[in-house]
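Whatever order the structure lists ligands and atoms in, that order sets their numbers, starting from 1.
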Amino acid sequence: MSRRWLAASVMLVLTGALYAQKQKKIAPSRWNLFSPEQDIQLGREAAAEVERKVAVLDNKELTGFVSRIGKKLGEQPEAGNYPYTFKVVHDNSINAFALPGGPSFVHTGLIQAAGNEAQIAGVLAHEISHVALRHGTAQVTKANAIQIAAGIGGLMAGGSMLGQLAQLGAGLGANSLLLKFSRDAESDADLLGARMMARAGYEPIEMARFFEKLEVEEKARGGQMSQFFSDHPNPGNRVKAVSEEVKMLPARGYGKGDSASLQRAQSVIRSLPVPKKTNANFRHQPPAGGSATGAGIDAARPAAALKQHQSRSVSFSYPENWQVFQSGQSNELTIAATEGLVEGQGGRTEIAFGALAGLAPGRGGLERDTEQFLQQIAPANRMQRSGEAKRFQVSGSAALLNLYFSASPYRGRREVDAIVTVEHPKGLFYMILVSPENEYPKAQPVFDRMIQSIQIAR
Ligand SMILES: [Zn+2]
């Protein structure tokens, strides 16, 4: 072999290596027991469920605005051949989501938060990538593989897939198709979305910029996570990874979209009446079942028998006639009978008889974190402190109990708010137990048992 040949083959290896390091090959996972046609059918059924629960706007200008952007992206080869549809949900929270097979929803809050059209395109391109990469049904496959493998051959065409899957024991609703995605799925959706944006003529870096901006705002709000980031966790270095990807895309004049039509859409949204349910995140919205007069309070009282709630980081017991609902904005849990949830001011669902549990930021020790937490919530909820904090232990963790009084959503009544805070490796775990004042003596023994059952995972 001559020297010249040797050099050439070295060159070949080098460029091969460079290429491999360059554009990552992104494809749907092979481990998916559903067919792409089944993705489409499942997504249609789930979309019908979603539309019963959220406020889809029937506004030509807004739907047209979002559909125009979505269509441009959905036509690109990266989007696969799915029948994408785009609808606007009247909800101030910053969120968007897409179901398998293409039905996509954008909250008005997200349109308001965007600085240019390319940023909305960025979120849509990210969502469309999840659809094209079939992340929803791949996750359902992973979580329910045995039940689905056993029954999928017998699924009848024409029947409801959601219903048939539920019968197989694969508890499936719109919710389970929108699980929190893994970091790998997130970075794939970012990269594929950037390529899709570029091909549609949008400046791809705007996607990363928008995510970054939303994260900064989230930190400013005390780390309260928006639903979008709890479903789409930052895979780490989002901006850097997209910037790297952008360098590999053909150099073209990418645009930020049509600023006049974004401004028009934003002014249409401003002119809409305030959304009826400000917490209307469909999968977490606890239905208001009680009445502000206190009718139905019998069903709202905590039963003496308890059942257990278990999550990765905490477990506790709660009355068996109550349910656990996840609140939209902050990963907070509402625990109550529907009769204990009352539609209060501005259509918000308020807890009249029940509990609220969650994780607050903290690092300064139990006393200081608790004070900070109480100072944040007490004035906003017009709560009056009653007595001194009580220090105790729950399952080996230091805890504090503070009692407050405030106005009950049951009109004309006062309520007791028993606030328990417990040290947690990731901050401060809190549980707020709410009872009308006149009911508190009877509820207190059950509340005490709930508190004693709290266990923080380490
Ligand atoms: Zn995502």
Side-chain angles (χ1 to χ4, degrees), residues 24 26-29 32 39 42-43 46-47 50 66 69-70 73-74 76 78-80 82 84 86 89 93-107 109-111 113-114 118-143 174-198 202 204-215 217-218 225-245 281-284 326 328-329 331:
K24 185 185 170 195
I26 299 172
S29 152
N32 191 326
D39 274 31
L42 263 180
V50 166
V66 170
I69 304 169
L73 297 162
Q76 306 308 324
E78 287 82 5
Y82 291 97
Y84 292 97
F86 302 90
V89 177
S93 61
I94 297 168
N95 201 10
F97 54 95
L99 293 162
S104 310
F105 299 85
V106 180
H107 283 196
L110 187 128
I111 300 172
Q119 296 190 342
I120 297 173
V123 173
L124 286 177
H126 179 98
E127 294 293 341
I128 290 172
S129 299
H130 280 308
V131 172
L133 295 169
R134 309 187 57 214
H135 286 151
T137 46
Q139 286 224 54
V140 171
T141 298
K142 230 186 242 177
N175 291 357
S176 41
L177 296 169
L178 289 164
L179 300 166
K180 175 176 166 170
F181 291 118
S182 70
R183 278 161 205 276
D184 282 349
E186 282 312 303
S187 74
D188 280 1
D190 281 355
L191 298 188
L192 193 68
R195 291 174 201 172
M196 196 185 298
M197 285 179 82
Y202 287 113
I205 200 69
E206 287 300 320
M207 171 173 56
R209 279 204 191 121
F210 191 39
F211 287 155
E212 197 182 36
K213 175 184 154 199
L214 296 179
E215 278 188 338
E217 283 170 13
E218 195 173 278
M225 224 201 285
S226 68
Q227 189 60 43
F228 186 81
F229 287 119
S230 102
D231 291 346
H232 304 274
N234 188 340
N237 283 325
R238 203 157 217 167
V239 176
K240 191 165 167 260
V242 174
S243 312
E244 293 297 316
E245 184 67 25
N281 195 306
F282 75 94
R283 63 198 117 138
H284 307 309
Q326 203 174 352
Q329 303 289 321
N331 291 340

Exercise. Side chains of Ser243 and Ile205: closer than 4.5 Å at any heavy-atom pair?
Worked result: yes
For this session: Taking the side chain as every heavy atom from C-beta outward, state whether Tyr82 and Ile128 have any atom pair closer than 4.5 Å.
Result: no
Problem set entry | Near the Zn ion (ligand 1) (under 2.8 Å) - protein N, O or S atoms |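 Correct list: His126 NE2, His130 NE2, Glu186 OE1, Glu186 OE2, His232 ND1.
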For this session: Go through Asp231 and Phe97 one step at a time and tell me if the side-chain contact (heavy atoms from CB on, under 4.5 Å) criterion holds.
Result: CA-CA 9 Å; Asp231 291 346; Phe97 54 95; 5.6 Å; no
For this session: Could you label the plane-to-plane angle of the Phe229 and Phe211 rings as parallel, tilted or perpendicular, counting under 30° as parallel and over 60° as perpendicular?
Result: perpendicular
For this session: Using the six-membered ring wherever Trp is involved, compare the ring planes of His130 and His126 and label them parallel, tilted or perpendicular (cut-offs 30° and 60°).
Result: perpendicular
Exercise. Taking only residues two or more places apart in sequence, or in another chain, which ones meet Arg238 in a side-chain hydrogen bond (donor to acceptor under 3.5 Å, both in side chains)?
Worked result: Glu186, Asp190
